[in-house]
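All values below were derived from every heavy atom in this structure, side-chain atoms included, with hydrogens, water molecules and symmetry-related copies excluded. Keep in mind that what you see is a predicted model, and the values were worked out from it rather than measured. Just so it is clear: chains get the letters A, B, ... in the order the sequence lines come, proteins before strands, and each one is counted from 1.
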There are 2 protein chains.
Amino acid sequence: MATMQRLQTTGLELFYAKGYYDTSVDDILKKLELSKGAFYYHFDSKEDFFIQIIQNLLARKIYSTLIEPIEGHDNPLTLITKCFDDAMETAVHNELDYGCILSNFLTEFNGKNEVIMRHLNEIVTVWEVNLVTALQKGKFNGYLDRHVDCEAAATFLMSSYFGVRTLMTSAAPSAKKYRFMSQLRQYFKSIESKVIS
Amino acid sequence: MATMQRLQTTGLELFYAKGYYDTSVDDILKKLELSKGAFYYHFDSKEDFFIQIIQNLLARKIYSTLIEPIEGHDNPLTLITKCFDDAMETAVHNELDYGCILSNFLTEFNGKNEVIMRHLNEIVTVWEVNLVTALQKGKFNGYLDRHVDCEAAATFLMSSYFGVRTLMTSAAPSAKKYRFMSQLRQYFKSIESKVIS
DNA sequence: GGTAAATCCGACCATATGGTCTGTATATAG
DNA sequence: CTATATACAGACCATATGGTCGGATTTACC
């Protein structure tokens, strides 16, 4: 793999595990047995490096795990349930889970780096838009009750997912997942179509 | 106010705003016009300093905003609704909101500092226990449906609150709050007692 | 093979950080 | 009045960090 790719991949790994500010460029270079010269040949600065990681790796990761799985013409509540379940199951099986990567970075950069925040918020917006669209389509197709506020539901879903991923890192991730999913289904039952088919 | 108190208060402010690792001891001392001598006379290290802040300030803050308001014999769903509403309203009116302070620190220290994580998780546990207790009492008093899994509901509530506070920092906090609260009520309606009184 | 561009090395620099240590002013007690 | 503990000042230190720079090495191309 090309050096630039390796740097970004390892960079994301370490930034996710230790945070941006607590991960030095040297940490990344040491792990890859590369030198300062290699890094600053490919990237202007640590910030530039991270922004490229966001666009090249993080955005795709979020898309493939949280957005793409909910696209389709099936019941969005079913799709979202499976999507969250899968994402959380991956986290459970991960030896060292550090929570939702997007949520973590949002927390870390909030109020500290506006440029990076803009890039992160863009991903959040994409996720939100896709969730709202999926829910609206579901409403149109008769899966959701016609009184459901899709924007509100999307906000609620994003919130709960961000939060549970944070909570899962503390203790008993598997139990947390199970409990969360049971109440998510409870919530979904309350917004699904009331028409007896 | 005594120097030790001022250090802790200002320390928490800055740690909350900029994060623990991105806030230097000098930052705090500069803001208070104090010297290194003053700091290391009162505290053994930066870590010891932070742990004392957790116990003296953070724990009380969480207790007064998230735990104490839900104690009582009224409908816990009503109490929790008002509690979350108040907490989020405070955040909305706060010029610079950085999310839920407890959630932020959990994210920052996860996988990095086990000692601090233990202290933070203790606070989380206290919150969880109180939530579960309040819900169980509510079930006993006929406010909640008797099939409700109170542990699961507590996990769901904590998750959603952590998450929405993170989301609120990104954009349109007031709208996010409104949307979140509407769906929280929706969820609560689905777990409240079905008995027609 | 020669040349030039691309890629990488690693010494070096300015600055920042957590922490130490000596000194000093004030207060309190005998 | 003296002595001792408290409370703070600030110079100092070892280390770490982001970033620079001249040079070496490899690759691509004619």
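With hydrogens and angles ignored, no donor-acceptor pair closer than 3.5 Å exists between the side chain of B:Lys46 and the base of C:dG19.
Between A:Tyr20 and A:Phe15, the two ring planes are tilted [angle within 30° to 60°]. Relative ring orientation between B:Trp127 and B:Phe162 is described as tilted, the plane-to-plane angle lying within the 30° to 60° band.
The CG-P distance, from A:Leu32 to C:dC8, rounds to 11 Å in whole Å. Rounded to whole Å, the distance from CZ on B:Arg6 to C1' on D:dA7 is 13 Å. Here the C1' atom of nucleotide D:dG10 and the CD atom of B:Glu33 are 15 Å apart, to the nearest Å. Spacing between atom CD of A:Glu47 and atom C1' of D:dT17 amounts to 16 Å, rounded to whole angstrom units. Here C:dG19 presents its C1' atom at 18 Å from OH of B:Tyr41, a figure rounded to the nearest Å. Atom CG in A:Leu29 sits about 10 Å away from atom P in D:dG18, given to the nearest Å.
You'll find the ring centres of A:Tyr98 and A:Tyr16 inside the 6.0 Å limit.
Which of D:dG19, C:dC9, D:dT6 sits closest to the side chain of A:Leu34 comes down to C:dC9. Listed nucleotides: D:dT6, C:dC9, D:dA11. Nearest to the side chain of B:Lys36: D:dA11. Nearest to the side chain of A:Tyr40, among C:dC9, D:dG18, D:dC8, sits D:dG18.
Annotation: side chain of A:Thr107 is not in contact with side chain of B:Ser103 (no heavy-atom distance under 4.5 Å).
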